[in-house]
Amino acid sequence: MRFLFLTVSILLGCLNQLLAQSALLAEPPIIPIPVLYQQHTGVFQVTAKTIILSDPSVEDSVYSFFQQSLTILTKSALPIRKKGKADYIKFSINPQQITEHEGYSLAITSNTVVLVGHDKAGLFYGFQSLLQLFSQSQTIPACFIKDNPRFSYRGMHLDVSRNFFPVSFIKKYVDMLAYYKFNKFHWHLTDDQGWRIEIKKYPLLQQIAAYRNETLIGHKKELPHRFDGKKYGGYYTQNEIKEVIAYATQRHITIIPEIEMPGHAMAALSAYPQYGCTGGPYSAATFWGIFDEVYCAGNDSTFAFLQNVLDEVISLFPSTYIHVGGDECVKTKWKTCPKCQKRIQTEHLKDEDELQSYFMKRIGDYVYSKGRKIIGWDEILEGGLPPDATVMSWRGIEGGIDAIRQKHNAIMTPESHVYLDYYQSLYPQEPLAAAGYTPLSKVYTYEPIPVDLSPEDAKYLIGIQGNIWTEYMPTSQQVEYMMLPRALAIAELAWSKPEKKNYPDFLRRVRVHQAILKTNDINCADVFDEIMDSVTIKTNQPPILHLSTSLPKSEIYYTLDGSNPSISSLQYKGPIEIVKSETVRAAVFFEGKQKGRVFEKEFHISKSTGKPVSFTPAPKGNYKPVTNLTAVNGIEGTARYNTGEWLGFQDTNVEVQVDLQTIQTVSDLQVNVLVYHWQRMWAPIQLVFSVSENGQSFKEVYTHTNFPINGINPVHAILQQPLKARYIRIKAINQAIIPSGEYGAGGRPWLLVDEFEVN
């Protein structure tokens, strides 16, 4: 309520200023954008005569909730009356008039506001749009809005296991979701690092599993791992959970609890080790990652434990769905556990994948017997889906498509586009995040329905969800910063019709809401002060740097000598051709004053820049470049490996060949190798440089075997004597598998390399 009420009053000031600039807007600053908006002549003004006109279709509690909001807004209590001819605000529910579930219409004239909802939810969402229309002068532009959601499932997720947040923030989070018409809150309550829900039958979950001994400092890729030495934890009592559920229910948000299984179970096993494969001892994880310790699938008492836990969870949460995890279950312990192997034999299962399917089906059947259904991450597809299970597709969209084609419901939540623990800008000053780069524009351009789904299949795609994993979000302020404004894009993807998508107009509306959020002490990232960049390069041409900003009526000034830009620096008028090694620094200026941080990009121009380059085999996965010339575009990949510069290989032997086009004198060969064992990035066993004049016979000129840095390892081959060469070949002999005892042991390591320079 605090967020809602404060937001209303702040929103009015922002909208009043906006409306003063333009009396007639094509679309109002409503997020998500409505299906239909028609601007009419005139305004509705709240006066001392204004009343709330009651209707028997609306419960008194709803009127009380709305009246309280409008009291904060108008600074005077609007009385509720049964009759009135003018100057009224009327709420009603009429499913015959508004036929779409959760839909509403809002008709505003110079003396009436009439909001009609299909149901209680539709009425509530129409009220949110009404709040977003009010101005500080208590006037609303006359208009007509008709609106309803695209998807029935419009979700946001919050992980409270890695970092724990108080009930006050959970309520604030719910308020933010409700304001932007989300209707599902996926509450990730258990994981390796902490158990966050009181289970009365198992008190050790509160006493032991809710706490870890210490917490990792910095990123998990950094070695050696450092820890703060402080016990950390907490949990929500069942009374607190009931309180949050009641709060969310009033705002038409269903809370879906997640109890992780069969993996991500170290915290639970620290309290009840008898349900693991080895019997322990276990302890809650103090750092981030995937761990071998999982629930024992061969032990019937494990299922009894989980069923008892689920009994209490189900008794608390009225949600039809119960999320049971199912992701990242390492099956190493199952392969050596006698009980698990016996289960495979007695149930006639093929392998450990089918054992996971058995596990999830058994849990799913139990949940179904309680009148509920399960949601699982897309790994629950492995070995076969449990009946009636809904798949949450996070490793891409393929899992969702697979589930849909098996006639199961799916929710799209791909890591690539809607994981909000990824960096939202490439500025080096950005606070520590998990990985990746997901700017607001990338979120907004995502289309949840895959193009190859038939209309018949598409009906099984019930919605979209944004995920917030909190490994690197120790405070609620950091959660807000990573969430906003990107969650506003997800809200629009989930609610609005795809034909209404318009990124420039979305940014216009985001500007209003960004001011609302910041003034309301919500830590929203400022996307308008940032510079977006891209680099294009063609064969035998220098790289071209493109800069842009989304701040209207602003300019970009830049320097090429590494100094800070000012209003007297070069003004950006168009793409910059980079013909020599230099550092570009740029900033956004508005009305002569710098806005935001200084952008910086360093270029290393060499004989190989822009020259043809080939790979055998080709790079793959998330490290496949848009063009092979990425390897020779003059830009080195960063330690955050999220700029798209690193090229990744998972093959035993890799060859890279650069064609200088003409025979030239070379004496200096360079490349960088990225090593982070905790990200499964390994150095090659050997890196060999060779040169050739004809592309047929090559001469080895340098061999490198030492990669001591946990991070970027520069490989710099300075030849004893300059040589004539046209072709430069780099051959990497890689690790075949990740060694035992290392993170991801038994899997295939990644080799990451970037920027091949020849001088």
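Each residue takes its place number in the sequence, starting with 1.
Salt-bridge check for R597 with D529: failed, with every basic side-chain N at 4.0 Å or more from each acidic carboxylate O. Salt bridge absent: E693 and K724 never bring a charged side-chain N and a carboxylate O closer than 4.0 Å. The pair R395-D378 meets the salt-bridge criterion, since a charged nitrogen lies less than 4.0 angstrom from a carboxylate oxygen. In this structure, R509 pairs ionically with E492, as a charged nitrogen and a carboxylate oxygen lie closer than 4.0 Å. Ion pair D526/K518 flagged as a salt bridge, since at least one NZ, NE, NH1 or NH2 atom sits closer than 4.0 Å to an Asp/Glu carboxylate oxygen.
Checking side-chain atoms of N713 against main-chain N and O of G711 turns up a donor-acceptor pair under 3.5 Å. A distance-only check finds no donor-acceptor pair linking the side chain of D228 to the backbone of E214 [under 3.5 Å]. In this structure, T559 contributes its side chain and S563 its backbone to a donor-acceptor pair below 3.5 Å. Within the 3.5 Å criterion, the main-chain N or O of L719 finds no donor-acceptor partner in the side chain of S667. Side-chain atoms of T643 never come within 3.5 Å of backbone atoms of G637 as a donor-acceptor pair (strictly under, hydrogens ignored). Remark: side-chain polar atoms of R726 are not paired, donor with acceptor, to backbone N or O of Q664 under 3.5 angstrom.
Within the model, atoms CG of L551 and CZ of F528 stand 8.0 Å from one another, a figure rounded to the nearest 0.5 Å. With rounding to the nearest 0.5 angstrom, the CG atom of L488 is 7.5 Å from the NE2 atom of H513. If you take NE2 on H417 and CG on N467, they are separated by 14.5 Å, rounding to the nearest 0.5 Å. Atom CD1 of residue I449 and atom CG of residue L493 lie 11.5 Å apart, to the nearest 0.5 angstrom. Taking OG1 of T638 as the reference point, atom CH2 of W646 lies at 8.0 Å (rounded to 0.5 Å). Atom-to-atom distance recorded for T665:OG1 and Q721:CD is 12.5 Å, nearest 0.5 angstrom.
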message: Does F689 form a side-chain contact (heavy atoms from CB on, under 4.5 Å) with R729? I'd like the steps, not just the answer.
response: CA-CA 6 Å; F689 290 76; R729 186 176 70 189; over 6 Å; no
task: Before giving the answer on salt bridge (Lys or Arg N to Asp or Glu O under 4.0 Å), spell out for E471 and R162 the whole-Å C-alpha distance, their side-chain angles and the decisive distance to 0.1 Å.
output: CA-CA 5 Å; E471 286 93 336; R162 279 50 178 257; 3.6 Å; yes
field: Check against side-chain contact (heavy atoms from CB on, under 4.5 Å), T630 and E645
entry: CA-CA 6 Å; T630 297; E645 297 295 330; 3.6 Å; yes
field: H225 and W678: CA distance, side-chain angles, deciding distance, ring pair (Phe, Tyr, Trp, His ring centres under 6.0 Å) verdict
entry: CA-CA 10 Å; H225 286 155; W678 272 88; 4.7 Å; yes
- prompt: Under the side-chain hydrogen bond (donor to acceptor under 3.5 Å, both in side chains) criterion, do Q478 and N523 qualify, and how do the steps go?
  reply: CA-CA 7 Å; Q478 182 64 8; N523 193 19; 5.1 Å; no
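For D533, the CG atom sits in a packed shell: over 12 heavy atoms of surrounding residues, nucleotides or ligands are nearer than 6.0 Å. Sparse packing is recorded around NZ of K624, with 12 or fewer heavy atoms of other residues, nucleotides or ligands lying under 6.0 Å away.
Between P739 and A745, the shortest heavy-atom distance links the atoms O-CB, 3.3 Å. Listed here is the closest heavy atom pair of S393 and M412: CB-SD, 3.9 Å. The two residues Q424 and P485 come nearest to each other via the heavy atoms OE1-CD, 4.3 Å. Here the closest non-hydrogen pair linking L752 and Y623 is CD2-CE2, 3.7 Å. The two residues V535 and P543 have their closest heavy-atom pair at CG1-CB, 3.9 Å. Between S425 and E430, the shortest heavy-atom contact is OG-CG, 3.1 Å.
Residues H546 and T536 have side chains that bring a donor and an acceptor to within less than 3.5 angstrom of each other. No side-chain donor-acceptor contact under 3.5 Å links Q657 and D659. Side-chain N/O atoms of T470 and D159 include a donor and acceptor closer than 3.5 Å. Side-chain contact of Y423 with R640: a donor-acceptor pair under 3.5 Å is present, judged by distance alone. In this model, no donor atom of one side chain and acceptor atom of the other lie less than 3.5 Å apart for Q650 and R748. Side-chain contact annotation: N759 with S606, donor-acceptor N/O pair under 3.5 Å absent.
Classified by interplanar angle (parallel below 30°, tilted 30° to 60°, perpendicular above 60°), the ring pair Y676/Y641 is tilted. Between H704 and F707, the ring-plane angle classifies as perpendicular under the 30° and 60° cut-offs.
Counting only heavy atoms from C-beta outward, the side chains of V527 and Q514 approach each other to under 4.5 Å. At least one side-chain heavy atom of R680 sits less than 4.5 Å from a side-chain heavy atom of Y743. Contact check for W750 versus F649: no side-chain heavy atoms found under the 4.5 Å cut-off. The closest side-chain heavy-atom distance from E602 to E636 is not below 4.5 Å. By the 4.5 Å heavy-atom criterion applied to side chains, Y557 and S566 are not counted as neighbours. Side chains of I468 and M473 form a contact here, defined as non-hydrogen atoms less than 4.5 Å apart. Side chains of N633 and T609 form no contact here, defined as non-hydrogen atoms less than 4.5 Å apart. Within the 4.5 Å cutoff, the side chain of F506 has no heavy atoms near those of the I33 side chain.
Cation-pi geometry between K501 and Y444 is satisfied (NZ or CZ under 6.0 Å from the ring centre, within 45° of the ring normal).
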